[in-house]
Q: 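Below are the structure tokens for one structure; questions will follow.
The chains referred to below are lettered A, B, ... by the order of the sequence lines, with proteins before strands, and numbering in each begins at 1. Every heavy atom of this structure was used, including side-chain atoms; hydrogens, water molecules and symmetry mates were not. Because the structure is a prediction, the values reported are computed rather than measured.
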Amino acid sequence: MHRNRTWQIDPEELRTQRNRILPIEGGDGSTLSLDFTGGVLDPRLTFTRTTNATFINSQGYVEWAAANALSNSVFTGASGATQPTGWLVSFVGGTGSFTLNGTELTISNNGSATRSRIYQTGPTGNGLPVTVQLKVVANNTSGMALVELLSFSINGQGSVVYKVNGTTQLSSFTGWVAGDTITLTCIPTAGSAATCLFGLGASAPVSTSASVTIKDVQIEPGSVARSYIPTTTSGAYQAPRFDYDPTTLAPRGLLFEGDATNLVTQSNGATSVWTIGGNRTPTNNTTDLLSPDGTNNATKLLCGTTGNYAAHATAITGLTGGATYTVSYWMRGPSGHTPRLYAVNGTIGDVTATSTTGTYNNTGWTRLTQTYTLPATTTQVYVYFASIGIVNTGDTFYVWGFQLETGSGASSHIPTGASTGNRTADSCVMNDIAPLQYSTTNGSIYWSGIFNKQPLSYVTLIGFMTAVDQPTYETFGNASNYFTAARGASLSTGGQNEVSRPYTIGSLTRYASAVDTITDPIVRANLNGSASSTTKSGSGNLYAATRFVIGRNPSTTYGISYPSVTIAQIKYWPVTKTAAELNSLTTT
Amino acid sequence: MDYMLRSTTESDMDDALIAAGVAQEVTDAEGEVSVQPVAGINLDRIGPIPAQVDEEGIIVRPGDSRYHANLRVSIELTEAQVEALPTFTPEPSVPYRVFI
């Protein structure tokens, strides 16, 4: 049936828009349609972040993003006496040599050698565990007295857990066979860079050749070895994060954040620095229950005398008077208490929160956040768990993941040990935009997601950029409003036209915008059904774009600026949507 | 590769970073000029390191009023670039801040 019927799938707006024939990606006329709620990054996007970071996984736990901190894990460049590119060698008592077969590296001892190893400098110790893994392809070490196939060279390393195929072994174990997966978890000494060595080490010189073949080497944060991620000579790999609602476990999309610093050390409340407070007995790393990251590293606070208040605090110095900060942590316990920030200098006393989120209970973990503006002369505070009401003897609270960061709103948790910790920004770019049919005269952008934190300045969320990082058609925000701008050399004042809509932190946002710079010059936007528009005073083309970006590329002439948002969907049409169409997009 | 940097003032730090070719002066849309890292460089500006105090306000770890920064480098630096960075020795046994 219908064998002679001609189907027409392009919508009316595409057929009438300047007679252009456009590719359809989303079934709705869009030439770009990205949905991040499936947990997959479109392969056309290039994602970068240079530190690790955490997110809420599909089980509701806080998890480190997948990562391999090693560069060139596939050993490119290894041949003869030349080690893999970017790796260093440790040869003792003789010479070593390398043979590369695909991604499998054979490391050989060549007579009278005790050690032939390759290594890279790993993460700097911060009191947090890291895990190393490798796979054994072949083991020809029968002539060696004691063979170290993998080792950390870290003074004072502690809590070493060495496993072969998931079974804990003594560090002297040497019975590896082909196919074995070896993992080693340790806590690098604070302040020391972990040097992770792979290869052959013997207790005495080897008079005959010995070799080992390895592959799939990886270093990652945490105590669990996860799926191997190959890396190239361009450096370590940090994976994008796909975040989930911690309560409903519904997927929220791509977690995309600017850089941030957790100014609290020992973020789980370790008594080494959480020395302030009273009427509570703290127990670090309690085994009473699983922490929000699924391990046993929360702090238990057992309250003492009935009729007193209880507190557990640490002092933070070096803050900026008058600035805005956000405190966050996870808590579980008897209800009725809240976080507290106490100014130790300047205007001494409790600082009143300007906003609060989260209501905890005694049956599960809840992340509480409070935002404060410090008194003008206050630079030092106590970050607290504090009972606001009096407690009963035996009341038990559990706390985990303290964080103090600049700005309004809590970003993803930054675990810390002995040092404060910095997480760098997420960046995403699509370099081939030919299929998007970018128009220099018309366009519409839609995105949905959740703002997690107010930016400190203007930040690009989504948009097109020129080769020199000049935004052309972009949507961007500041601390309170979200804008659309059309930028071109001959457009009106400042070369741009903007419309703005106010947004709120923490709730679903649907935003759609449209520009027309020639036929019916206008810039219009709609945020959750609330519309605005600006009629352009002049006309002309948008700048020619070469890239589509989420956040702004760090190779910038205009500064680095990143949003803090979880993005569910993005769409682009090279046509101008009507006000009614934008309203429909943001309300359905 | 990570580097811990220290200089007398913020301006000295900016000058050193520009001289090393890891940062540049940029002007934003509002005309503000700032020093930003080039592609492949992450710069965490720490500034002066505050003293750490206990509940009585007694200093348990002294601060350092000089200007500090951490640099994470994802590109290949020349030997001359590395030498131009204001690194210092000895590095602290426990850094005030690290990249996670």
Q: May I ask you to decide if A/S411's main-chain N or O and A/E405's side chain share a donor-acceptor pair within less than 3.5 Å?
A: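 Side chain of A/E405 to backbone of A/S411, a donor-acceptor pair under 3.5 Å: yes, one is there.
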Q: What residue, out of A/T275, A/T265, A/N422, has the most heavy-atom pairs lying under 4.5 Å from chain B?
A: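 Most pairs with chain B among the choices: A/N422.
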Q: Are any side-chain N or O atoms of A/N52 and backbone N or O atoms of A/Q238, one a donor and one an acceptor, separated by less than 3.5 Å?
A: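 No; judged by distance alone, with no hydrogens or angles, the pair does not exist.
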Q: For B/R72 and A/T50, indicate whether the former's side chain and the latter's backbone hold a donor-acceptor pair under 3.5 Å.
A: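 Judged by distance alone, yes, a pair lies under 3.5 Å.
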Q: Please flag which part of A/L263 lies under 4.5 Å from any non-hydrogen atom of chain B: side chain, backbone, both or neither.
A: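 Side chain of A/L263 only, per the 4.5 Å heavy-atom cut-off to chain B.
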Q: Check whether A/T261 gets within reach of chain B through its side chain, its backbone, both or neither, counting any heavy atom under 4.5 Å.
A: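 Only the side chain of A/T261 comes within 4.5 Å of chain B.
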Q: So which atom in A/Y382 and which in A/A313 form the shortest heavy-atom distance, rounded to 0.1 Å?
A: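 It is CB-CB, 4.3 Å.
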Q: At a 4.5 Å cut-off on heavy atoms, which part of A/Q120 comes close to chain B: side chain, backbone, both, or neither?
A: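 Looking at A/Q120, nothing touches chain B.
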